[in-house]
Number of protein chains: 2
Amino acid sequence: MSEQQAESLRERKKRRTRQSIIDVAHALFHDNDYDTTTVEAIAAGAEVSVRTFFRYFANKEEVALAPLDEMGELTLAALRRRPADEPPLTALRAAALDAWTIMSPDGESLRHYTDHLLPIGRASALAGAVQNRIVALADRFALEFVEGDDAGSPQPRTDLHASLAAFAFLAAVQVAVRAWCASDSNDPADLVATALICLDSLVVERNSAHRA
Amino acid sequence: MSEQQAESLRERKKRRTRQSIIDVAHALFHDNDYDTTTVEAIAAGAEVSVRTFFRYFANKEEVALAPLDEMGELTLAALRRRPADEPPLTALRAAALDAWTIMSPDGESLRHYTDHLLPIGRASALAGAVQNRIVALADRFALEFVEGDDAGSPQPRTDLHASLAAFAFLAAVQVAVRAWCASDSNDPADLVATALICLDSLVVERNSAHRA
DNA sequence: GAATATATGGCACGAACTGCCACATGGCAA
DNA sequence: TTGCCATGTGGCAGTTCGTGCCATATATTC
C-alpha cells in the first residue's frame with residue numbers, strides 16, 4: 001500500500017504530464033471522434049508540444065487504449081493470484097471475476113473502465129489496435145500456464161492448449177463486450193453477466209444450437 | 001465453369017491492373033519488408049500512379065491481405081454448402097476442411113495461400129489489420145447461423161452462441177497458424193493438422209491441462 | 001463520329017510520425 | 001551557491017500514408 005515513497009520531482013512531473021495527456025485525449029475523443037481529434041489538439045490541450053506527446057505515447061492509439069491496457073494488467077494480476085492447479089479456462093474465468101467484481105464491490109471502479117469501452121468500440125480506426133492488445137494479452141495469459149513446467153523446454157502441445165484457452169477466453173470476453181456495446185444497457189453488471197454466459201457456453205457449445 | 005463470358009475491355013483491363021498491383025506488391029514485400037516498401041514503389045512497379053493505386057485499394061494493408069481475404073471467402077462459401085442442421089462448430093470445422101483439403105487435393109492451390117502466411121505474420125504493422133479481417137469474417141460466419149431463424153427478430157441468445165462459435169473457431173485457427181509460422185515446417189499439411197488439433201481441443205479443453 | 005461515362009494522372013493538402021539539434025530543467029556533488 | 005551531468009522538452013525539416021479536386025485520356029453507346 002505504501003509504494004512510491006521516494007518519487008523524484010522529475011518522475012512526479014512526468015506522471016502528471018502523462019495523466020494529463022490521457023485525460024485531455026479522452027475528453028476530446030468523447031466530444032468529437034477518435035479520428036477527427038488530432039494529436040496536435042491533444043498536445044495543445046495538455047500544454048505540451050506534439051513532439052513531446054510522441055515521447056509519452058508511441059502513437060495516437062496508445063493513448064486511446066491506455067484504460068484497456070490497465071484492465072488487462074488487472075486481469076493478469078488476478079490470474080497470478082489463482083491457485084496453480086486450476087485448469088486454464090477455469091482460472092481465467094475466476095480471474096476475470098476477481099478483477100471485475102471483487103476488486104470493485106461498489107461498481108464504481110469497474111464503471112471507470114466500462115465508460116471508455118463504448119467510445120473505443122465505436123472508433124473503427126481503433127479496431128485493429130484493440131485486437132493487437134488482445135493478442136498480446138492472450139500471449140501473456142498463455143505464458144502463465146506454461147512457464148516453469150519443465151525448465152524451458154519447448155512443449156508444443158502444452159503451448160497449444162494454453163494459447164487456445166487464452167484466445168478462447170478473450171474471444172468470449174470480446175463477444176460479450178460487443179454484445180453489451182450493441183445493447184441499450186450501460187450497466188457494468190450486465191456486461192459481467194453477459195461475459196459469464198459466453199464463458200460458460202464456451203465449453204458446452206457442441207451439442208446445442210443448430211443452423212438456420 | 002463458364003462465368004464471365006461477356007467481360008468488357010474495361011473490366012478486363014481493371015482486373016489485370018488490380019492483379020498486377022497485387023503481384024508487384026507481394027514481390028516487393030517478399031524482397032524487402034512490408035513497412036519499408038512504399039506505395040510509391042508499388043505503383044511504379046505496376047505502372048500506375050499512386051493516386052490510381054488508392055482507387056484500387058483503400059490502403060496499403062488491403063493489397064497485402066488480399067490473399068487472406070480470398071481464403072476467407074473460400075471458407076465462407078464452403079460453410080454455405082454444409083447441411084443446415086449441423087451445430088456451428090461442427091459445420092465450421094467441416095467447412096474449413098472442405099476449403100483447405102478437398103478444394104485442393106494436389107495441395108498446390110493451398111500452398112498458394114500458405115506461401116503468403118509467413119510474410120503477413122511477420123509484418124507486425126499488419127497484425128491489427130489481420131485481426132480486423134478475422135473479426136469481420138467471424139461476423140459473417142455468425143450471420144450464417146442466425147439469419148432466417150425467425151424472420152429478423154433479434155435473438156440475443158442465439159446471436160451470442162453463433163458469434164461465440166465463430167470467434168472460437170477463428171481463435172483456434174489463429175493459434176494454429178501462429179504455431180505453424182513459428183515452427184520450422186512450411187508444409188501446408190502440417191498447418192491443417194495443427195488446426196485440427198486446435199479445433200478439436202476447443203471443446204474438450206475443460207478437464208485437461210493444469211497450470212504450471 | 002459525337003456524346004457520354006468512367007478510368008487515370010497530377011497536384012495540393014492534411015495528419016501521423018521520426019530524426020536531429022538546441023535549450024531548459026532537475027539531480028547531485030564540491 | 002556554483003557548476004556539471006543527465007534527462008526532459010520544443011522546434012523544424014522531412015517522409016509516408018491517404019484524400020479532394022480538376023483536367024485529360026480512354027472506353028462505351030448511339
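Just so it is clear: chains get the letters A, B, ... in the order the sequence lines come, proteins before strands, and each one is counted from 1. Only this structure's heavy atoms are used, side chains among them; waters, hydrogens and symmetry mates stay out. Note that the structure is a prediction, hence the values are computed from the model and not measured.
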Original post:
If you look at every heavy atom in B:Arg82 and B:Ala91, which pair is closest and at what distance?
Top reply: CG-O, 3.9 Å

Subject >> Sugar-phosphate only, base, or nothing, as touched by B:Val50 at under 4.0 Å among non-hydrogen atoms >> reply: nothing

Original post:
Would a distance-only check, ignoring hydrogens and angles, find a side-chain to backbone donor-acceptor pair under 3.5 Å from B:Tyr34 to B:Glu61?
Top reply: yes

Original post:
What is the distance, rounded to the nearest whole Å, between atom CZ of B:Arg12 and atom P of C:dA7?
Top reply: 15 Å

Original post:
Should we say atom CG of A:Asp184 is surrounded by more than 12 heavy atoms from elsewhere, each under 6.0 Å from it?
Top reply: no

Please enumerate all protein N or O atoms sitting under 3.5 Å from an N or O of nucleotides 26-30 of chain D, with distances to 0.1 Å.
unit_1: D:dA27; atom_1: OP1; unit_2: B:Lys13; atom_2: NZ; d: 3.2
unit_1: D:dA27; atom_1: N3; unit_2: B:Arg10; atom_2: NH2; d: 3.4
unit_1: D:dT28; atom_1: OP1; unit_2: B:Ser8; atom_2: OG; d: 3.4
unit_1: D:dT28; atom_1: OP1; unit_2: B:Leu9; atom_2: N; d: 3.0
unit_1: D:dT28; atom_1: OP1; unit_2: B:Arg10; atom_2: N; d: 3.1

**OP:** Tell me which residues in residues 51-63 of chain A put a heavy atom below 4.0 Å from DNA chain C, sorted by number, or none.
**Re:** A:Arg51, A:Phe54, A:Arg55, A:Ala58, A:Asn59, A:Lys60

Subject >> Inter-residue atom distance A:Glu144.CD - A:Leu76.CG, 0.5 Å rounding >> reply: 5.5 Å

Original post:
Over how many whole Å does the gap from A:Asp35 atom CG to C:dG14 atom P extend?
Top reply: 18 Å

Original post:
Of A:Glu40 and B:Thr17, whose nearest nucleotide on DNA chain C comes first from the 5' end?
Top reply: B:Thr17

Subject >> Side chain B:His30, main chain B:His26, donor-acceptor under 3.5 Å >> reply: no

Original post:
For B:Leu160, does its backbone N or O pair with a side-chain atom of B:Ser163 as donor and acceptor, under 3.5 Å?
Top reply: no

**OP:** Would you kindly give the CZ-to-C1' distance between A:Arg15 and D:dG8, to the nearest whole Å?
**Re:** 17 Å

Subject >> Shortest non-hydrogen contact from B:Ala168 toward A:Ala171 >> reply: N-CB, 4.5 Å

**OP:** Determine yes or no for a side-chain-to-main-chain donor-acceptor pair under 3.5 angstrom, with A:Asp33 supplying the side chain and A:Asp35 the backbone.
**Re:** no

Subject >> For atom CZ of A:Arg18 and atom C1' of D:dT9, their distance in whole Å >> reply: 18 Å

Original post:
So what does B:Thr37 touch, heavy atoms closer than 4.0 Å: a base, only the sugar-phosphate, or nothing?
Top reply: sugar-phosphate

